Chemist: 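This is the structure, below, for whatever I ask next.
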Amino acid sequence: MRVPVPGGDLAVLRWPATVPQAPAVLALHGITANGLSWGPVARHLAGRATLVAPDLRGRAGSARLPGPYGIAVHADDTAALTEALSLDRPVLAGHSMGAFTAALAAVRHPGLFGRLLLVDGGVGFPAPTHLSPDELMTAVIGPAMDRLSMTFQDRAAYRAFWQAHPALADRWTPEVDAYIQRDLVGAEPAMRSSCRLEAVRTDGVGLFDEDVLAAVRGLPSPATLLWAERGLMDEPQGLYDRERLAAAALDGTGVTPRCVPDTNHYTVLTGETGAARVADLLLAAAGRGGA
């Protein structure tokens, strides 16, 4: 679907429910991802909920949407999408940057959403003050930024690039392939990522804005933080661990952390174990069972 937002139309993917009076889930992707990253979760929902997943401004089908960019803009786009589709307090979910966007959307637009599910994101840490914005971006998503400037001979070359990624090398599936290929635009022999560099740069730096970092402490509804055991490159240190979460002092915020063992930052959403766990928690947040 295409849904009007300020400046143009937001591209939106929708997996409809197949049971009566099913709840709705609104799901937001990561900083260089797209809405099809939620495909494995949709399969595990198996029609028990309607899943709506936009391509955020500056990515994939929404790449032509102009700026301004930033987490607050994505949060307001999320609210506009909810109202345009007449979603009744949908469960709001987000992965990585999408989790920070979900938390801020819930704070900026109280009453519009139901419970939240934050997937390996949403709980932040203050930025090191000695780093410039460019240095900060390199430290956070350096490899992803490099990819945005690369060109690829064809779709097979892009597939091979991603199949060599440590987080996905042994976990490749047709669903992951479809999600990755949705990102590719242009013509052979100079295909490239659809992500607009300006959008990614602005959003990445914006993850450290004070209002974004503080959002998780002002949520109007309870939330679950589902965190991956391993990191972006499948390294043993994930974005979160018990020590980091203890330092984040989530007691009293309404956020309940839960670990998904043997997943990394990508497979907590796209792998079988991760996608099944996300689907269960989404249904639980909607009051339809689950864990």
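All values derive from a computational prediction rather than experimental measurement.
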Chemist: Could you tell me if the side chain of Cys195 sits less than 4.5 Å from the side chain of Leu148, heavy atoms only?
Modeler: yes

Chemist: Hey, are the side chains of Val3 and Asp9 touching, using non-hydrogen atoms and a 4.5 Å cut-off?
Modeler: no

Chemist: Flag yes if more than 12 heavy atoms outside Asp262 fall under 6.0 Å of its CG atom; otherwise flag no.
Modeler: no

Chemist: Applying side chain to side chain donor-acceptor pair (under 3.5 Å) between Ser194 and each of Asn34, Asp183, Thr32, report the one that passes.
Modeler: Asp183

Chemist: Side chains of Tyr158 and Arg192: does their closest heavy-atom pair fall under 4.5 Å?
Modeler: no

Chemist: One thing to verify: whether Arg59 and Asp55 come together as a salt bridge, which I'm taking to mean a side-chain N less than 4.0 angstrom from a carboxylate O.
Modeler: no

Chemist: Using a 4.5 Å cut-off on heavy atoms from C-beta on, say whether the side chain of Arg48 contacts that of Thr18.
Modeler: no

Chemist: Indicate the atoms forming the closest heavy-atom contact of Ile71 with Asp203, along with that distance.
Modeler: CD1-O, 3.8 Å

Chemist: Can you tell me if Glu198 has over 12 outside heavy atoms packed within less than 6.0 Å of its CD?
Modeler: no

Chemist: Under 4.0 Å between a side-chain nitrogen and a carboxylate oxygen: does that hold for Glu175 and Arg43?
Modeler: yes

Chemist: Counting only heavy atoms from other residues, nucleotides and ligands, does the tally under 6.0 Å from CZ of Arg64 exceed 12?
Modeler: no

Chemist: Do Leu116 and Thr224 make a side-chain contact, defined as non-hydrogen atoms from C-beta onward lying under 4.5 Å apart?
Modeler: no

Chemist: Is any side-chain heavy atom of Asn264 closer than 4.5 Å to one of Arg171?
Modeler: yes

Chemist: Counting C-beta onward and ignoring hydrogens, is there a side-chain heavy-atom pair between Arg258 and Leu281 closer than 4.5 Å?
Modeler: yes

Chemist: Search all heavy atoms of Ala27 against all heavy atoms of Leu51 and return the closest pair with its distance.
Modeler: CB-CD1, 3.7 Å

Chemist: Say whether Met97 and Tyr69 are linked into one hydrophobic cluster, either directly or through other cluster members, by side-chain heavy-atom distances under 4.5 angstrom.
Modeler: no

Chemist: I would like to know whether Val12 and Leu81 meet side chain to side chain contact (heavy atoms under 4.5 Å, CB included); could you show each step before the answer?
Modeler: CA-CA 9 Å; Val12 182; Leu81 173 60; 3.8 Å; yes

Chemist: Which residues pass the ring pair (Phe, Tyr, Trp, His ring centres under 6.0 Å) test with Phe100, sequence neighbours left out?
Modeler: none

Chemist: When you compare the side chain of Trp15 with that of Thr50, does any pair of heavy atoms fall below 4.5 Å?
Modeler: no

Chemist: Between Ala167 and Tyr266, what is the shortest heavy-atom contact and its length?
Modeler: CB-CD1, 3.5 Å

